[in-house]
Amino acid sequence: MSKRKEEATVYSQEMLTDGIYSLWIETSMASQAKAGQFIGVFTGDGTKLLARPISICDVKSDENLLRMVYRVSGGGTDLISKLKKGDKVSVIGVLGNGYEKAACGYNEESSNCELIPLNKSLEGKKVIVIGGGIGIPPMLLAAKSLQCEKVMVLGYANKNTFLKDEFDKLGQVYISTDDGSLGTKGTVIDAIKENGVSGDVIFACGPMPMLRGIKAYAKEHGMKAYISLEERMACGVGACLGCVTKTVNKDHHTHVNNTRICVEGPVFDSEVVDI
Amino acid sequence: MSKRKEEATVYSQEMLTDGIYSLWIETSMASQAKAGQFIGVFTGDGTKLLARPISICDVKSDENLLRMVYRVSGGGTDLISKLKKGDKVSVIGVLGNGYEKAACGYNEESSNCELIPLNKSLEGKKVIVIGGGIGIPPMLLAAKSLQCEKVMVLGYANKNTFLKDEFDKLGQVYISTDDGSLGTKGTVIDAIKENGVSGDVIFACGPMPMLRGIKAYAKEHGMKAYISLEERMACGVGACLGCVTKTVNKDHHTHVNNTRICVEGPVFDSEVVDI
Amino acid sequence: MNTKVTIAGVELKNPVMTASGTFGSGQEFSEMTDLNKLGAVVTKGVSSVPWPGNPTPRIAEVYGGMLNAIGLQNPGIDVFIERDIPFLQDYSCKKIVNVCGKTVEEYLAVVERLNDQPIDMMEINVSCPNVKEGALAFGQDARVLEDVTKKIKAVAKKPIIMKLSPNVTNIKEMGLAAEAGGANAVSLINTLMGMKIDINRKKFVLANKTGGFSGPAVKPVAVRMVYDVAHTVKIPVIGMGGIATAEDAIEFMMAGATAISVGTMNFVDPETTSKIADGIEQFMKDKGIEDINDIIGCVE
Amino acid sequence: MNTKVTIAGVELKNPVMTASGTFGSGQEFSEMTDLNKLGAVVTKGVSSVPWPGNPTPRIAEVYGGMLNAIGLQNPGIDVFIERDIPFLQDYSCKKIVNVCGKTVEEYLAVVERLNDQPIDMMEINVSCPNVKEGALAFGQDARVLEDVTKKIKAVAKKPIIMKLSPNVTNIKEMGLAAEAGGANAVSLINTLMGMKIDINRKKFVLANKTGGFSGPAVKPVAVRMVYDVAHTVKIPVIGMGGIATAEDAIEFMMAGATAISVGTMNFVDPETTSKIADGIEQFMKDKGIEDINDIIGCVE
Ligand SMILES: Cc1cc2nc3c(=O)[nH]c(=O)nc-3n(C[C@H](O)[C@H](O)[C@H](O)COP(=O)(O)OP(=O)(O)OC[C@H]3O[C@@H](n4cnc5c(N)ncnc54)[C@H](O)[C@@H]3O)c2cc1C
Ligand SMILES: Cc1cc2nc3c(=O)[nH]c(=O)nc-3n(C[C@H](O)[C@H](O)[C@H](O)COP(=O)(O)OP(=O)(O)OC[C@H]3O[C@@H](n4cnc5c(N)ncnc54)[C@H](O)[C@@H]3O)c2cc1C
Ligand SMILES: Cc1cc2nc3c(=O)[nH]c(=O)nc-3n(C[C@H](O)[C@H](O)[C@H](O)COP(=O)(O)O)c2cc1C
Ligand SMILES: Cc1cc2nc3c(=O)[nH]c(=O)nc-3n(C[C@H](O)[C@H](O)[C@H](O)COP(=O)(O)O)c2cc1C
Ligand code: FES
Ligand code: FES
């Protein structure tokens with residue numbers, strides 16, 4: 001499971017909907033990648049030096065293929081969106097803990113528990129898989145990885161959805177849209193309520209307000225929620241302390257209630273973080 | 001004759017000999033370009049912002065084609081050497097005076113004489129066209145432009161010559177090489193002496209020691225020599241005063257015996273500059 | 001939509017200016033970009049007598065920018081008045097003349113000559129890192145700066161902009177000193193002191209060893225200093241240092257600059273200034289901003 | 001061929017070190033690059049008690065570099081001694097611990113705790129622009145710097161490197177002050193103060209408003225300062241600021257640095273340091289340089 005920087009090869013790139021791209025790359029990292037982990041993608045431009053953290057959306061381990069789905073939101077992702085089949089792209093990874101480690105409380109450095117395989121720890125449970133906006137992509141691999149019962153709730157801005165077909169194949173999908181043009185008008189929580197969705201555990205990724213809502217919802221319903229956070233990153237490997245999030249208790253690294261999203265996260269037990 | 005920045009299209013690129021490239025670009029500047037003038041070539045890399053001054057080696061005005069022959073000597077020329085047919089490349093030009101203006105003493109700003117067409121002013125004269133090293137390329141267009149009698153003397157490092165065939169088509173060519181592997185062993189001056197080359201006017205471009213030698217030779221033989229100088233440039237259009245060379249008399253711009261190579265040059269009457 | 005800004009009573013049609021020393025006297029770039037689209041042209045520094053400048057090489061390229069050690073080569077105030085000022089009269093942009101000197105007397109001599117010329121303001125360069133005497137020394141000591149400013153203001157009949165050096169511990173202090181001396185505005189940043197070594201030849205790339213560092217690479221330092229000064233003094237601040245795009249220009253204005261100057265990027269794209277002027281208007285349109293003055297210092 | 005350099009009696013197998021704060025305690029990068037190839041690892045700054053650092057966002061990317069406003073988050077000297085120092089014992093590189101504090105007493109407390117630890121040197125950070133008290137203030141006033149250095153030297157049992165801030169008018173003066181205070185070496189540059197504004201949100205990108213600017217973009221400033229200090233003081237100088245390649249490292253050494261540190265570029269390529277170590281050897285081979293010490297300060 002060692003991290004490394006590697007030159008990957010672009011396998012394919014396509015635009016899914018306006019400004020949202022799907023990029024498959026060939027990399028030896030594919031076989032290690034787990035749902036909820038991410039990689040750092042370099043732009044190759046000397047004026048934009050830092051890696052762009054992008055979640056792993058899907059993998060085909062046997063073909064060494066790894067997929068990212070991302071939104072062009074600035075100069076770096078714009079450059080990445082110009083990559084074509086056969087182009088080289090430098091990536092660093094695999095980064096972060098992923099849902100599996102988060103869900104069993106495993107922590108790479110403190111190692112205060114053993115890593116329990118995700119599907120073992122979730123046996124007999126039902127997971128609500130929630131994605132909002134550009135937080136939807138990592139939930140695809142999460143949903144695919146789950147062998148237990150699951151239901152998916154996806155929140156889009158409007159009816160220009162992406163990846164929806166692929167989620168549909170995995171089970172029941174409920175949709176919310178900000179403008180009501182598809183599914184429930186409102187948030188993913190609104191969709192959960194409207195459709196009477198229930199479950200034992202939540203896996204989620206999305207914008208901060210959504211995650212706050214999920215944290216509150218999980219608490220109210222006595223559920224566990226594992227949520228994936230974002231922060232600006234420099235190193236991606238825990239060295240720069242750029243990417244911290246506040247924690248309820250002392251973090252094990254610095255003991256100051258500030259834990260690193262790139263190493264101890266990005267997926268956290270919602271009760272652990274103070275968001 | 002206005003200067004401008006333009007996006008040109010690469011028409012062809014080939015390596016002539018180790019590290020020396022020939023690049024044809026399609027640009028509207030081609031029809032204005034005169035022997036001894038140069039253009040600024042941008043790298044397209046935000047970490048290498050300044051234009052690389054490269055002499056015009058040849059033109060095909062009717063096809064809007066302009067040719068540069070250059071040596072990869074650093075990061076910028078290395079990037080330029082990677083350009084392929086159809087690629088876009090930003091250029092600024094046409095820059096500098098060229099042999100024609102220099103030879104008639106014409107000066108864009110002071111305009112203290114009228115621009116006499118080169119071949120009119122040289123009627124009945126014989127020109128020794130001298131190029132040394134990477135100073136050889138601009139002499140091709142110079143030689144081609146001359147309708148009067150001419151003889152060419154080219155100095156290479158060794159027998160790995162470039163452009164020699166093309167010069168051969170234009171008249172008598174004498175060669176010198178540093179290592180003696182072809183032609184006269186030594187400098188272009190050695191080749192001139194060895195071959196008893198004579199003429200009325202010298203047109204030259206090459207490294208500073210060669211130009212100093214030519215200046216001395218011309219003085220000794222009572223000849224006029226027009227030599228092309230190099231200096232680091234930022235603007236290329238006379239605004240930054242980065243690229244000056246010392247002059248014997250007060251220069252017309254600043255009145256301090258420092259004239260701008262990018263505007264008043266790069267071609268100077270060897271008696272005017274204090275090199 | 002209003003894009004006009006006012007500095008010391010001088011109204012600029014837009015906040016886009018050229019940075020001294022990068023645009024000649026305006027003439028050199030006039031065939032490549034439309035001077036009438038500019039808020040103001042700031043000319044190359046002019047001294048009381050012609051200055052030859054430094055030996056070459058004077059230019060070095062660095063990552064995302066450049067070093068220069070021109071050393072203020074200029075034809076002196078006589079030629080400047082005779083040749084360069086008349087040229088600019090044909091254009092509607094404001095005219096700001098940058099003044100340099102080795103002694104206070106030299107500054108004063110130039111300022112007096114410029115007093116009755118058809119120009120709008122004078123910018124005093126007390127911050128050039130490329131000349132041994134005067135210049136930078138005046139700009140690195142707050143008391144000296146205040147004193148020079150006072151003496152210049154005592155003779156100047158046009159608004160005075162003091163151009164500050166970034167090579168100081170405390171830029172706020174320098175802004176306050178210029179203000180205390182009576183400056184009508186300050187401009188910053190001049191170049192950072194930099195060096196480049198050619199490792200293959202074991203030699204400095206610049207004959208002068210050190211040079212002034214400018215270009216996109218310096219922008220974060222410049223924005224910080226413009227913010228610091230603009231939030232300290234009451235006089236207008238003119239911001240510069242690495243501006244390449246309308247977004248950069250707006251960043252400086254949000255940091256507190258009333259106007260901005262483009263330097264190094266003129267060399268990379270002669271139309272940078274006019275693209276920035278257009279880009280600012282587009283930004284205002286997109287965001288529904290009616291008056292450009294609402295942008296100035298609006299960062300929270 | 002000799003690539004060893006010596007600083008204050010400590011022999012480094014090569015001049016390549018990591019810059020404090022960019023390499024954690026060494027552990028974070030240890031699976032990505034071989035610590036045994038390094039001359040020394042310099043750890044993240046450590047204070048007497050745990051520090052939480054600044055609010056997020058703490059990172060902003062800028063043209064050719066980055067801004068950081070970490071604010072020296074660190075677990076304090078207790079955890080550091082218990083966890084981080086032991087980790088490094090398995091490696092043959094030298095160990096340099098970077099020390100930070102808000103008061104002189106806090107620095108002294110950490111230095112005393114480190115005195116009997118298996119480390120080689122201490123680097124004193126008096127130049128961090130991201131904490132309000134102490135730190136930078138100590139590094140921007142020559143008299144204060146000399147005084148702090150003296151007090152630290154009075155208790156330190158390991159060689160002391162004073163890390164200088166580039167945010168000063170006169171870097172030579174600061175080098176001399178550290179030397180006068182008894183420092184065994186100086187290192188520079190720490191980060192330049194910078195700022196970035198998100199113009200769409202009219203907000204500072206960093207929660208702390210300003211941040212420390214580092215990366216390739218700052219190199220010309222760093223080389224100039226290293227040259228100035230190395231040609232002023234007699235103690236060794238450790239150079240850093242934007243180093244990305246072996247050529248950059250050699251440039252700093254030619255300017256006068258005895259050793260060099262790589263900071264920001266570790267984030268861009270974790271193997272930067274080891275590539276630099278190899279690249280320096282290659283350069284020496286190509287140029288027939290027998291002893292790396294012949295490169296130090298050789299620029300003419
Ligand atoms: C763990 C993690 C996983 C992510 N997964 C995805 C994903 O699967 N798909 C997707 O579209 N986006 C994802 N993001 C967000 C993505 O990293 C940013 O959109 C991207 O970095 C923006 O880069 P840019 O150059 O286009 O924008 P710019 O604004 O030009 O970037 C400037 C700098 O800010 C950083 N930055 C800007 N926005 C963000 C952000 N939201 N989060 C972190 N850094 C940011 C950039 O990395 C860069 O360093 C993820 C972020 C994190 C932290
Ligand atoms: C008027 C003129 C005409 C020229 N014509 C030719 C030509 O036809 N063919 C050719 O091969 N070369 C020519 N040169 C030299 C050419 O400009 C440089 O080799 C080139 O700029 C090097 O760029 P680089 O990025 O590869 O090198 P780097 O060393 O990485 O460049 C760094 C900086 O230094 C400048 N620089 C480096 N060497 C020179 C130099 N010798 N002259 C001026 N600037 C330099 C670069 O432009 C750049 O700004 C000419 C130079 C001038 C002034
Ligand atoms: C080649 C060059 C020459 C300069 N000459 C002057 C000058 O004469 N007077 C002056 O006040 N500033 C001079 N400067 C500084 C610029 O006006 C400006 O302050 C600085 O370059 C920062 O802006 P930039 O990053 O946009 O270039 C010069 C800069 C360059 C690059
Ligand atoms: C994220 C980050 C954290 C840093 N933390 C420290 C620190 O704790 N102590 C310190 O002395 N310098 C710190 N620095 C400064 C670096 O050690 C170095 O001086 C500076 O970054 C310049 O080198 P570079 O351009 O190679 O990054 C930090 C720099 C960065 C980028
Ligand atoms: S990005 Fe550096 S610690 Fe997380
Ligand atoms: S390159 Fe600017 S004056 Fe010649």
B:Val256 backbone acceptor or donor facing B:Thr254 side chain under 3.5 Å: no
Proximal component of C:Phe23, with respect to chain B [non-hydrogen, under 4.5 Å]: backbone
Options B:Gly75, B:Cys240, B:Ala239, ranked by heavy-atom pairs under 4.5 Å with chain C, top entry: B:Ala239
Segment of C:Val268 engaging chain B (4.5 angstrom heavy-atom cut-off): both
B:Asn258 side-chain N/O to C:Pro52 backbone N/O, donor-acceptor pair under 3.5 Å: yes
Choice from B:Cys243, B:Gly242, B:Ala51, B:Ser90 maximising heavy atom contacts with chain C below 4.5 Å: B:Gly242
Check against salt bridge (Lys or Arg N to Asp or Glu O under 4.0 Å), C:Lys37 and C:Asp278: CA-CA 9 Å; C:Lys37 276 193 79 173; C:Asp278 291 343; 2.7 Å; yes
Any donor-acceptor N or O pair under 3.5 Å, side chains B:Thr9, B:Lys88: yes
Greatest number of heavy atom pairs closer than 4.5 Å to chain C - which of B:Ile92, B:Thr245, B:Leu241: B:Leu241
Pair B:Tyr226 and B:Tyr99, ring centroids less than 6.0 Å apart: no
NZ (B:Lys246) with more than 12 external heavy atoms under 6.0 Å: no
Sidechain-backbone polar pair: C:Asn74 side chain, C:Gly53 backbone, donor-acceptor under 3.5 Å: no
Donor-acceptor pair between C:Ser165 and C:Asn190 side chains, under 3.5 angstrom: no
Option that, when pairs with chain B are counted at under 4.5 Å, heavy atom only, ranks first among C:Val79, C:Val205, C:Asn266: C:Val79
Side chain / backbone / both / neither for B:Ala234 at chain C, heavy atoms under 4.5 Å: both
No-hydrogen, no-angle side-chain donor-acceptor test under 3.5 Å, C:Gln27 and C:Arg83: no
Members of residues 38-50 of chain B whose heavy atoms come closer than 4.5 Å to chain C: B:Phe42, B:Gly46, B:Thr47, B:Lys48, B:Leu49, B:Leu50
